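Data first, discussion second: the structure below is written as structure tokens.
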Amino acid sequence: MPELPEVETICQALKPLLEGQSFLKIQANRPDLRYPLPVNMETVLSHKLISLISRRAKYLLLDFSHGLTLIWHLGMSGRVIIENLNALSLNSGPHDHVVFITSNNYKITFRDPRRFGFLLLYPTNQLKSLHPFKTLGPEPLGDIPLGVSVLHAALKRRTISIKNALLDQRIIAGLGNIYASEALWQARLSPRRGANTLRLKETKILLIEIQNVLRRAISAGGSTLRDYAQPNGDTGYFQYSFNVYKREHLLCNHCHFTPITRIVQSGRATYYCDKCQQ
DNA sequence: CCATAGACTCGGTAAG
DNA sequence: CGTTACCGAGTCTATA
């Protein structure tokens, strides 16, 4: 799916358009995605003031002033498309599952070919105590920044590899398969290391590199592999800055000597430089 | 509680 | 060339 930088890019695009507005119409083209769509979504949400658009981990949150939050997850292939209603807008395609029409004349389309995405409707004040927010780990770029000691303590209790630990949303929220590999390369740490073998100094470097790679990816509008695009239709650009992801057999950008290795950890591809990353 | 495997889903690409 | 097999931006569930 879109990982943290992609969801953040979408969040930043939706925020100025939607806050202070409302949906005039919500058209669902099928009853479900990963889960059934919220019951009576259009009746419950249309003409209600949208007070806040935010992101938590890889979730987009739309707060309504009458106390409900629409939770929007993009799954693996989800995409948000913003079109101005005054301009020529394209007809709905076969994977355009939900279409929102806004009070300021925008058409917002949720397209998701693989349908791993979902929409859920929760009371805003119960969000933090409900699954999955209940167990979600800290935000790497949050207002209260994730501290090294907290991360180090969390890693210390786990015997899984550091790569798998970075994918565990309970330990740190928002990283996915791309940025986990990229951050470990930047930190010069082997993805095969046990999470509990990292020294405090290594954890500190890793956390800094996680934050750096996420910030740089957000600046680039995220990474486009296949389905993801920014809401205005542009691709993301961070894929051109990958150092390891999808670069098997290409030479490491650090030592310029070792071909990048691809391994599989818990069924997911990991890319790294066997020489630079210890 | 932790760790692992399998499931969901479908279009693109590699393989034959 | 048409067919098939495999793969994956994610996360949930069942099982040990």
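A note on names: the letters A, B, ... follow the listed sequences, proteins ahead of strands, and every chain is numbered from 1. As the structure is a computational prediction, the values presented were derived from the model and not from experiment.
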Whichever of A/Asp168 and A/Arg115 has its nearest DNA chain B nucleotide further upstream toward 5': A/Asp168
Tightest non-hydrogen contact, residues A/Lys15 and A/Leu52, listed as NZ-CD1, 3.7 Å
Heavy atoms only, 4.0 Å cut-off, all strands: where does A/Phe238 land among base, sugar-phosphate and nothing? nothing
Hey, are A/Ser51 and A/Ser65 close enough side-chain-wise for a donor-acceptor pair under 3.5 Å? no
Provide, to the nearest angstrom, the distance between the CG atom belonging to A/Asp32 and the C1' atom belonging to B/dC8. 12 Å
Which whole number of Å gives the distance between the P atom of B/dA5 and that of C/dC7? 15 Å
Separation of atom CZ in A/Arg170 from atom C1' in B/dA3, rounded to whole Å: 9 Å
Could you tell me the separation between the CG atom of A/Leu119 and the P atom of C/dG10, rounded to a whole number of Å? 19 Å
Nearest-Å distance for atom pair OH/C1', residues A/Tyr59 and C/dT11: 7 Å
By a 5.5 angstrom centroid cut-off and a 30 degree plane limit, is there stacking between A/Phe116 and C/dT11? no
Distance check, P atoms only: C/dA16 and B/dA7, in whole angstrom units. 15 Å
Minimum heavy-atom separation for A/Ile218 to A/Gln12, with atom names? CG2-NE2, 4.0 Å
Stems in DNA chain B, runs of 3 or more consecutive Watson-Crick or G-U wobble pairs with both distances under 3.5 Å, sorted by first number, are B:3-8 with C:10-15, B:10-15 with C:3-8
What's A/Arg262 touching, base or sugar-phosphate or nothing? Going by heavy atoms closer than 4.0 Å. sugar-phosphate
Below 4.0 angstrom from OP1 or OP2 of B/dC10, is there any side-chain N or O of A/Ser77? no
By the 4.0 Å heavy-atom rule, please label A/Ile160 as base, sugar-phosphate, or nothing. sugar-phosphate
Hey, what's the ring geometry for A/Tyr59 with A/Phe133, parallel, tilted or perpendicular (30° and 60° as the breaks)? tilted
A/Asn177 side chain, from C-beta outward: closest of B/dC2, C/dG10, C/dC12: C/dG10
Mapping A/His131 and A/Ser223 onto DNA chain C by nearest heavy atom, which one lands closer to the 5' end? A/Ser223
What is the distance from CG of A/Asp112 to C1' of B/dC10, rounded to the nearest Å? 10 Å
Measure the distance from CZ on A/Arg157 to P on B/dC2 and round it to the nearest whole Å. 6 Å
Look at the side-chain N and O atoms of A/Lys246 and state whether any lies under 4.0 Å from the OP1 or OP2 oxygen of C/dG8. no
Is it the case that A/Glu182 and A/Gln186 place a side-chain donor and acceptor less than 3.5 Å from each other? no
Give a yes or no answer on whether the side chain of A/Gln21 reaches the backbone of A/Leu49 with a donor-acceptor pair at less than 3.5 Å. no
Side chains of A/Asp274 and A/Thr261 only: does a donor on one sit below 3.5 Å from an acceptor on the other? no
Is A/Ile71 close to A/Leu127 at the side-chain level, that is, under 4.5 Å between some pair of heavy atoms? yes
Kindly give the heavy-atom pair with the smallest separation between A/His97 and A/Leu33, and that separation in Å. CD2-CD2, 3.3 Å
In whole Å, what separates the P atom of C/dA14 from that of B/dT9? 16 Å
Given B/dC1, is OP1 or OP2 found less than 4.0 Å from the side-chain N or O atoms of A/Arg158? no
Just how far, in rounded Å, is C1' of C/dG10 from CG of A/Leu74? 11 Å
Do A/Arg34 and B/dT9 share a donor-acceptor pair, side chain to base, under 3.5 Å? no
Salt-bridge contact A/Glu209-A/Arg188 (side-chain N to carboxylate O under 4.0 Å): no
A/Phe118 CZ - C/dT13 P separation (whole Å): 11 Å
Protein-nucleic acid N or O pairs under 3.5 Å, nucleotides 11-13 of chain B:
from	atom 1	to	atom 2	distance (Å)
B/dG11	OP1	A/His95	NE2	3.1

Reckon A/Asp227 touches a base, only the sugar-phosphate, or nothing at all at heavy-atom distances under 4.0 Å? base
Partner of A/Ser223 by side-chain hydrogen bond (donor to acceptor under 3.5 Å, both in side chains), out of A/Tyr237, A/Tyr240, A/Tyr228, A/Tyr179: A/Tyr179
